[in-house]
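Notes follow the structure.
All heavy atoms count here, side chains included; hydrogens, waters and symmetry mates do not. Note that this is a predicted model, so its numbers are computed, not measured. Residue indices begin at 1 and follow the sequence shown.
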Amino acid sequence: MTEPSRETPPEATEPVSGEADEAATERTPESVAERAGEGPEARGEAGKTGATSPAADGTSSAADASSADRTSPADDTSPADDAEAQADSTEAQADGEAKAAEVSEAQAELAAQRELRARIEQRKAEKAAPVDAGGKLSGTAADLLAAVRAVEGGTKPGTAFFEPTEPAPRRPAPTATPTPAAAAAARPPVPEPTAAPETLEAVRAVLARGGAPESLTGQVAAALGEGAAEALREDPWLLLAVPGVQPEHADGFARALLGAECGPDDPRRAVALVAWLLERAALRGHTALEDGAVRVGLGKLSVPDPDEALRQAVSEGAVLVFQDEEPVPEDVEDEADGTAAETGEVPEADVPVLLGLDRYALAEESLADGLARLVKTVSGEEWEGPELVRAAGAYGLVLHIGGEAARSEPVALAEAARERGLRVAVAVHSENGVGRLGADALTVAALLSGTAGPGRDAEGAFALDLLVVLDAPQLDVESAAMLVESLPDGCRLVLSGDPGVLGSAGAGQVFTDVLAAAVCPRIVSRVPDPGPIGELVSGIGIGELNQVEAPGKEVVIVPVRDAGEAVHRTVQLVADSVPRAIGVPTGQTQVITVGHGGSAGTRALNAALKQRLNPGPGRFGGFDPGDRVAYVPAPGRTMTGTVVSADAEGLRLECEGEKLVVPKERVESALRHGWALTAHQAAGMRWPAAVVVLPGDAAQGLSRAWVYTAFGRGERHLSVVHGVDQALPRAVSEGRSQDRTTRLGPLLESLLAAAEG
């Protein structure tokens, strides 16, 4: 990569002004307090100037990169910091997930997914009871494990097992009915069908008594069911089950309802906060957390006795306890034997105790079982061809590792399988990816919902012999579980992707976990990404930010002094320099930045780009025909497109050649301007040209995975608006990233202990 200098971008023209606007790729609903008129940032700021000043809420790009929405699952905050660092993240779902009063396209997809989850639960219930574990634990860890076993078995209340003299009984299959708090914690935050009028009226009355916004009525009814009003009166902290509600909001609501009975040590508060912390952790990609991390988080939320809070949450079934024992190496066993001979005491294994919600536990266990089933039910065959083709013929599960250019290999495998007469599907993460591969590809979401693909048989299985999934790092554990459970016995599965890119928006790290488990062949592609961009990105992948020769201006560095200049230069590049010097039209150039907030985040950049490229009053909910938009039909999915028109039904879009209608009640929650995206939203997509914006306040949000992902989105041209000085090479060399706490790896290893291939 060329060294930053004061040179102008390719054939730069005279400066153009940049204006600020409240716009981004995924409209983030305000928090409960903000919806009640107390928020720091008012709505309707479209067209407002001030691109060089910080966002009204004071949030920097670096902070937004990790906490603004569901598309930014990984950051460096601990679970204990969720109350602050995840506020924007939870608010990003609050309005959009329950405002639709009619069944929309997204709801139909979610309904299909819920039906499939029900099948998964039924299959799991028919299987044998779980394997007992945890015999080597002691102290509080053993207490927690004993509590969940005892309560689920119905033998004793959970608190009885925290006396040191009581034995810990083995856990039978769960039969206990969960409490309202447990049910609320386990329920996925997705919109449900509209509740009965009497239910809504009762909920509205309870919210009014507690001083909560009336706009939460539908969300509370959807989250808590028919008895929502009564449940909320008995336990006001159940309000935390609604996306976007923060602990301080629930505490205020509880004080208004309970009066003097309300206190920080209320057991109902403790249970709700434990579940809330685990939900916040899921937004950062974790499927479980160590019990110590949850204790720290509870302490920061002013819970007087975190240990008692955990015991209460476990005893009521709001959370589950897991302890995956790892095999002890022989040398450690020998040392333990020697110690026992000398002292009579055997050192205990240092195995962490994990807490999680049953929603993700079910998904990980179902996924592990499904992958093991595919491995065991495929009859190996000898297929002639490249290494990937031979591996796919011999094994039921194969991993393929490579960059953008390497995608040609799994596509060629699919063609070879079709020539053999096999039923084949190629699935990608986004509609943008479908457009790059052709008519034979489809998205994972379309495959699961049944809107595209081979369809299902009477038992819900896909009519497939081979499924190739590209962009596999973007698979979250719930989507992956539904996908694998839908494959018939004997079907082959190939997961292909680049482990260097940012991970999934949802909980889990499926591709990484399967790689680490080493339970199937791993084919590493030798096809390099071409050109100067490919050379630059390949170096970043190994921690090197190299200078590259770019005779055709494939890579250009544009140094800037501050965020205002960054916005100004970005508009200049998109509107004039790149189209004129590189030959890429404005509509095929994508801006990528670190976060939504800040003076050079997506809001400010989209405002400036709209004013230059498509000025207008925003007469259709803030949008005008010709506006470039990002549509989020479901959390974690982003579709880019253009506004065509608007009518009584809603806003009409064209997204990757597909015509869509966004109902008017969902426009505010599911739609944002899309000239600028975050790298998390852009993962799995590519454009002819990309402009990556790195303002000075973005330094803390950078990581090697972020840089690798953002710089790899341009096919022909990459411009880097550089204002972070040495933070960029430091982020690349250090490789800083957040590991996600998951259970899939140990589950797979226990089912498929011997590595194959």
Side-chain angles (χ1 to χ4, degrees), residues 9-10 23-26 71 403-405 407 428-438 441 443 470-471 474 498 501-502 529-534 536-537 540 550 552-556 558 569-594 602 605-606 608-610 612-614 626-632 637-643 653-658 672-694 706-721:
T25 59
E26 182 180 356
T71 63
E404 292 292 335
R407 294 161 69 93
V428 297
H429 175 62
S430 68
E431 285 74 9
N432 175 284
V434 171
R436 288 186 284 130
L437 289 179
T443 65
L470 306 182
D471 309 316
Q474 303 308 310
D498 189 340
V501 301
L502 291 167
D529 289 332
I533 297 178
L536 174 63
V537 172
I540 293 171
K553 297 183 179 178
E554 294 88 349
V555 178
V556 174
V558 183
R569 290 296 185 121
T570 300
V571 173
Q572 179 181 339
L573 284 164
V574 174
D576 183 76
S577 301
V578 172
R580 181 156 48 85
I582 310 301
V584 177
T586 296
Q588 297 180 19
T589 300
Q590 182 63 54
V591 176
I592 300 170
T593 189
V594 176
T602 60
L605 288 167
N606 276 314
L609 288 163
K610 174 174 173 56
R612 173 66 185 273
L613 300 174
N614 194 46
D627 276 357
R628 191 165 170 177
V629 293
Y631 173 46
V632 183
R637 287 187 59 204
T638 300
M639 301 173 64
T640 57
T642 305
V643 175
L653 312 178
E654 182 172 347
C655 298
E656 302 294 339
E658 181 181 359
R672 283 188 177 272
H673 288 101
W675 286 282
L677 302 175
T678 66
H680 290 86
Q681 292 175 312
M685 296 189 272
R686 292 194 93 196
W687 297 268
V691 177
V692 178
V693 184
L694 303 175
W706 192 97
V707 178
Y708 186 87
T709 303
F711 283 24
R713 297 313 94 198
E715 295 174 329
R716 294 170 48 192
H717 175 76
L718 169 67
S719 283
V720 181
V721 180

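Applying the side-chain contact (heavy atoms from CB on, under 4.5 Å) criterion to P532, with sequence neighbours excluded, gives V548, A550, E554, V555. With sequence neighbours excluded, the residues that form a side-chain contact (heavy atoms from CB on, under 4.5 Å) with D498 are V501, Y708. Residues passing the side-chain contact (heavy atoms from CB on, under 4.5 Å) test with S430, sequence neighbours excluded: N432, M685. Taking the side chain to side chain donor-acceptor pair (under 3.5 Å) definition, one finds that Q474 meets it with nothing, sequence neighbours left out. Here R407 pairs with E404, V428, R436, L437, L470, D471 under the side-chain contact (heavy atoms from CB on, under 4.5 Å) rule; sequence neighbours left out. Residues satisfying the side chain to side chain donor-acceptor pair (under 3.5 Å) criterion with E656, sequence neighbours excluded, are T640.
Across all non-hydrogen atoms, the minimal contact from A689 to V578 is CB-CG1, 4.0 Å. Contact between T678 and I592 at its shortest, heavy atoms only, is C-CG2, 4.1 Å. Smallest separation of non-hydrogen atoms from F711 and L536: CD2-CD2, 3.9 Å. Of all non-hydrogen atoms in L677 and A630, the two that sit nearest each other are CD2-CB, 3.9 Å. Between P585 and G583, the shortest heavy-atom distance links the atoms CD-O, 3.6 Å. Across all their heavy atoms, T570 and V693 have their closest contact at OG1-CG2, 3.3 Å.
Counting heavy atoms from C-beta on, the side chains of L502 and W706 come closer than 4.5 Å. Side-chain contact check for R628 versus N606: every heavy-atom pair is 4.5 Å or farther apart. Annotation: side chain of R637 is not in contact with side chain of Y631 (no heavy-atom distance under 4.5 Å). In this structure, T593 and V692 have side chains that are not in contact, with every pair of non-hydrogen atoms separated by 4.5 Å or more.
Taking CG of L605 as the start and OG1 of T602 as the end, the distance is 7.5 Å to the nearest 0.5 Å. The line from CD of E431 to OG1 of T638 is 10.0 Å long, rounded to the nearest 0.5 Å. Rounding to the nearest 0.5 angstrom, the gap separating the CZ atom in R713 from the CD atom in Q681 is 13.5 Å. L609 CG to D627 CG: the interatomic distance, rounded to the nearest 0.5 Å, is 11.0 Å. I540 CD1 to T709 OG1: the interatomic distance, rounded to the nearest 0.5 Å, is 10.0 Å. Of the inter-residue distances, the one linking I582 atom CD1 with K553 atom NZ reads 6.5 Å to the nearest 0.5 angstrom.
Side-chain atoms of D529 do not come within 3.5 Å of backbone N or O of G403 as any donor-acceptor pair. Although no hydrogens or angles enter the test, the distance criterion places a donor-acceptor pair under 3.5 Å between the side chain of R686 and the main chain of G714. A distance-only check finds a donor-acceptor pair linking the side chain of Q590 to the backbone of W675 [under 3.5 Å].
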Assess whether side-chain contact (heavy atoms from CB on, under 4.5 Å) is satisfied between V643 and L653, documenting all intermediate values. CA-CA 5 Å; V643 175; L653 312 178; 3.9 Å; yes

